[in-house]
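What follows is one structure encoded as structure tokens, with my remarks underneath.
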Amino acid sequence: MNGTNDRPEGAFIISLTAGLVIGTVGVIWLYTMSAGWFPGWMNWYDDFMHGIDGHLHFMDFSALGWASGYLGILSGIGVVLSAIMLHRRPTEHERWGAAVLVLSVLSIFGGMGGMGLGVLLGVLGGILAIVWSPRSHSEQVT
């Protein structure tokens, strides 16, 4: 790069990190669901439902948990791909920054937005990508 500002490097690194965090938390979420830990720490819920004549006991939230994990993984992959496209096509920085921003916010519904850290990094990276502007040729020559 020779000291020039021809790519949004900061936005790329932050967005890539956000996607990796979001996707990793989605994988951990699915592992937790498959290992049976999730229902284990929710035993109070089962006891509570039996206590009120079990009329809500038929509800099974495991499908929602699985969907949340998969959505977290897909959101993470989308943020990573958007970050890569931001790096490859810096002239389209607004488009890919908006994609990072939207996918990061959607990740709140899947994998809890990378435990909050992923969504914060994704929003920051998306905003940095949107507002980034390359230096003009006259600014690069000193």
Side-chain angles (χ1 to χ4, degrees), residues 1-140:
M1 279 192 332
N2 300 331
T4 62
N5 189 20
D6 60 350
R7 293 189 189 276
E9 294 294 332
F12 165 70
I13 292 169
I14 292 171
S15 299
L16 186 65
T17 303
L20 293 173
V21 168
I22 292 168
T24 301
V25 170
V27 169
I28 292 170
W29 183 270
L30 286 180
Y31 177 75
T32 302
M33 291 292 296
S34 67
W37 296 343
F38 186 74
W41 63 269
M42 293 289 285
N43 283 339
W44 67 269
Y45 176 80
D46 190 38
D47 295 338
F48 177 72
M49 289 303 134
H50 282 297
I52 53 175
D53 299 328
H55 75 282
L56 293 177
H57 185 65
F58 69 90
M59 297 175 75
D60 182 16
F61 293 105
S62 63
L64 183 63
W66 286 99
S68 178
Y70 285 119
L71 182 61
I73 292 170
L74 291 175
S75 297
I77 290 170
V79 171
V80 166
L81 292 176
S82 298
I84 291 170
M85 291 305 294
L86 172 67
H87 186 69
R88 291 179 146 228
R89 298 183 179 169
T91 57
E92 300 174 3
H93 63 95
E94 292 162 338
R95 172 183 295 162
W96 298 114
V100 167
L101 191 62
V102 168
L103 289 168
S104 296
V105 171
L106 285 177
S107 74
I108 292 171
F109 301 106
M112 300 175 294
M115 299 298 286
L117 177 63
V119 72
L120 288 175
L121 288 173
V123 166
L124 178 63
I127 290 172
L128 286 175
I130 291 169
V131 301
W132 174 82
S133 64
R135 289 186 198 171
S136 66
H137 182 66
S138 63
E139 291 175 352
Q140 292 177 8

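Computed from a prediction, not measured in an experiment: that's the story for all the values here.
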Can E9 and H87 be said to form a side chain to side chain contact (heavy atoms under 4.5 Å, CB included), step by step? CA-CA 7 Å; E9 294 294 332; H87 186 69; 3.2 Å; yes
What's the shortest heavy-atom distance between S15 and G126, and which atoms? OG-N, 4.0 Å
Which residues pass the side chain to side chain contact (heavy atoms under 4.5 Å, CB included) test with L74, sequence neighbours left out? none
Do any pairs count as a ring pair (Phe, Tyr, Trp, His ring centres under 6.0 Å) and have a residue in residues 100-119, sequence neighbours left out, and if so which ones? none
Are any non-hydrogen side-chain atoms of L86 and P8 less than 4.5 angstrom apart? yes
G122 to A18 - nearest heavy-atom pair and separation: N-CB, 3.3 Å
For residues 93-117, which residue pairs pass the salt bridge (charged side-chain N to carboxylate O under 4.0 Å, His left out) check, not counting sequence neighbours? E92-R95
Residue pairs, two or more places apart or on separate chains, that pass salt bridge (charged side-chain N to carboxylate O under 4.0 Å, His left out) and touch residues 64-88: none
Over all heavy atoms of both residues, which pair between R7 and P90 is shortest? Give the atoms and the distance, please. NH1-CD, 3.5 Å
Can a donor-acceptor pair be found, under 3.5 Å and without considering hydrogens, that links the side chain of S107 to the backbone of S104? yes
In chain order, what residues pass the side chain to side chain contact (heavy atoms under 4.5 Å, CB included) check against I77, with sequence neighbours excluded? I73, L81
Closest non-hydrogen atom pair between V100 and A83, with its separation: CG2-N, 4.2 Å
Does L103 have any side chain to side chain contact (heavy atoms under 4.5 Å, CB included) partners at least two apart in sequence or in another chain, and if so, which? V79, S82
Of all heavy-atom pairs linking L20 and V80, the shortest is N-CG2, 3.8 Å
From T17 OG1 over to F12 CZ, what is the distance, rounded to the nearest 0.5 angstrom? 8.5 Å
Where do W29 and M112 come nearest, in terms of heavy atoms and distance? CZ3-CE, 3.4 Å
